[in-house]
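Just so you know, ligand 1 is whichever comes first in the structure, and atom 1 is the first atom listed for that ligand.
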Amino acid sequence: MNKTITVSAPGKLMLFGEHAVVYNRPCIVTAVDQRMRATVELVETPEFQLEAADVKVTGYKKALSELGKGDIPKGAQFVEIAVKNILQRHPELGSGSAGLRITTTSEFSSQFGFGSSSASTVCTIKAISELLALNLSQKELFDIAFKTVLDIQGKGSGFDVAAAIYGGTIYFVTGGKVIEPLQIPTLPLLVGYSGVKADTVTLINKVKETSDAYPEIIDGIYTNIEKLVERAKPAIIAQEWKTVGELMNINQGYLDALGVSTKKLATMIYSAKDAGAYGAKLSGAGGGDCIISLATDAQRNAVETAITQAGAEIVSVTTNAEGVRIEK
Ligand code: PMV
């Protein structure tokens, strides 16, 4: 049995269907080649030890029996609860004298909204599964990782967990009811970071308030977003970028109606479109984080310049990245 293992998983960008996917609708998400890494070592004390310098956690340790109890620093939550959940399913692991030392590092800033929390959750569970020969299937891995996210956030669809595990570009329905890889080479996507960190749960709650006040209207918007996702799926597969861009613009209109766009995001989006992009929208919960826009090679420079002038930082990504994998 190996005593140490390193696993990596990709970040993600939501292409279509955010918010509606929390309420039993589909979305489309792509994995990006910026990766999260976790190295897991077996140690001789029955402790959980964590080094996650990227999120300001160093020298953190706890008895395995105390996992999930007491104050947990924000940067340690997902990895700690992931370990707790896997120990609950496999109590034999926590009964001996061995413990775990976990070190996580990220190739992307946790500010971008690329899904660093879910990617580190997936890495941790996959690494422990491999180290202790649990042979978890991808779906079992999804179920434990999604439970971990729900234990901490209380809300979410699990789309980010699926992207970290399966990679590629995925058509996904709430809770992993459908996880369908789309066969495409890559997407001509341009990404701009707004400089503002968004809090996913706050935005989900905000949309819930609007939905409680105007249930039929918001439900109608979710249903239209679902139709749009169903239309975008074949367009992405056929690489009909003009159609995909137009659908992005419509999706952005609905997100604005849900109240999750901001002046800064809108300025970035209009700049991208004015510079010739096929389409542009916010990606993820909204309130900040990133916009995505679709542009041909010929339009790319102009769109990048326009987004930058609107105050964005260009984040260079390759889409359709490989899912969770063992590094060594
Ligand atoms: O903020 P992000 O990038 O994690 O995206 C959230 C997308 C939501 O649909 C609002 C929530 C979810 O879990 O699907």
Side-chain angles (χ1 to χ4, degrees), residues 9-32 34 36 55 74 77-78 106 108-122 142-143 145-166 170-179 189 191-211 218 221-226 228-229 232 248 251-252 254-262 265 281-292 315 317 319:
K12 57 83 190 139
L13 278 168
M14 180 71 99
L15 300 179
F16 289 100
E18 48 273 89
H19 288 288
V21 69
V22 179
Y23 302 98
N24 259 318
R25 267 53 175 219
C27 73
I28 299 176
V29 55
T30 191
V32 297
Q34 269 94 337
M36 170 64 78
V55 282
K74 210 164 183 283
Q77 279 178 346
F78 285 83
S106 177
F108 56 88
S109 160
S110 63
Q111 306 294 303
F112 288 168
F114 277 10
S116 53
S117 305
S118 40
S120 59
T121 305
V122 165
F142 176 86
D143 289 341
F146 182 42
K147 177 185 184 324
T148 303
V149 172
L150 288 184
D151 285 349
I152 296 161
Q153 288 190 175
K155 293 179 175 131
S157 65
F159 82 106
D160 41 3
V161 173
I165 295 172
Y166 295 85
I170 303 172
Y171 171 91
F172 175 91
V173 180
T174 324
K177 285 192 205 77
V178 181
I179 301 175
L189 216 58
V191 181
Y193 174 55
S194 66
V196 179
K197 174 77 195 120
D199 181 57
T200 306
V201 176
T202 306
L203 285 144
I204 293 178
N205 289 339
K206 182 173 180 219
V207 174
K208 173 85 172 56
E209 271 175 35
T210 312
S211 167
I218 301 303
I221 291 180
Y222 292 156
T223 300
N224 278 340
I225 292 177
E226 171 173 15
L228 187 152
V229 171
M248 276 182 164
N251 198 162
Q252 172 60 25
Y254 287 129
L255 289 164
D256 207 355
L258 292 178
V260 298
S261 192
T262 65
L265 291 171
K281 63 183 277 293
L282 66 86
S283 172
D289 288 351
C290 289
I291 66 149
I292 53 173
V315 186
V317 298
T319 58

Atoms of ligand 1, numbered as shown, that sit under 4.0 Å from any heavy atom of [X]:
| X | answer |
| --- | --- |
| Val22 | 9 (O), 11 (C), 12 (C), 14 (O) |
| Glu18 | 9 (O) |
| Phe159 | 5 (O), 6 (C), 7 (C), 12 (C), 13 (O), 14 (O) |
| Thr200 | 1 (O), 2 (P), 4 (O), 6 (C) |
| Gly156 | 13 (O) |

Main-chain N/O of Ala285 paired to His19 side chain as donor or acceptor, under 3.5 Å: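 At least one qualifying donor-acceptor pair exists.
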Expected output: side-chain Ser194 to main-chain Asp289 donor-acceptor under 3.5 Å: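 At least one qualifying donor-acceptor pair exists.
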Lys147 and Asp151 ion-paired at < 4.0 Å: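 Answer for the salt bridge query: yes.
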Close approach, Lys12 and ligand 1, non-hydrogen under 4.0 angstrom: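 Yes, Lys12 has heavy atoms under 4.0 Å from ligand 1.
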Nearest neighbour in protein (non-hydrogen) for atom 9 (O) of ligand 1: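 Ranking protein heavy atoms by distance from atom 9 (O) of ligand 1, first comes His19 N, 2.9 Å.
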Atom 13 (O) of ligand 1: nearest protein contact (heavy atom, Å):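 For atom 13 (O) of ligand 1, the nearest protein heavy atom is Ser157 N, 2.8 Å.
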Side chain to side chain, Val29 and Tyr166, heavy atoms closer than 4.5 Å: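 Val29 does not reach Tyr166 side chain to side chain.
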Min N/O separation Val21 to ligand 1 under 3.5 Å: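 Min N/O separation from ligand 1 is not below 3.5 Å for Val21.
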Distance (rounded to the nearest 0.5 Å) between Leu189 CG and Leu15 CG: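 If we round to the nearest 0.5 Å, Leu189:CG and Leu15:CG are 6.0 Å apart.
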Parallel, tilted or perpendicular, as decided by the 30° and 60° cut-offs, for the rings of Phe172 and Phe142: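 Ring orientation, 0 to 90° scale: tilted.
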Over 12 non-hydrogen atoms of neighbours within 6.0 angstrom of NZ in Lys197: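 Counting neighbours around NZ of Lys197, more than 12 heavy atoms of other residues, nucleotides or ligands fall under 6.0 Å, so yes.
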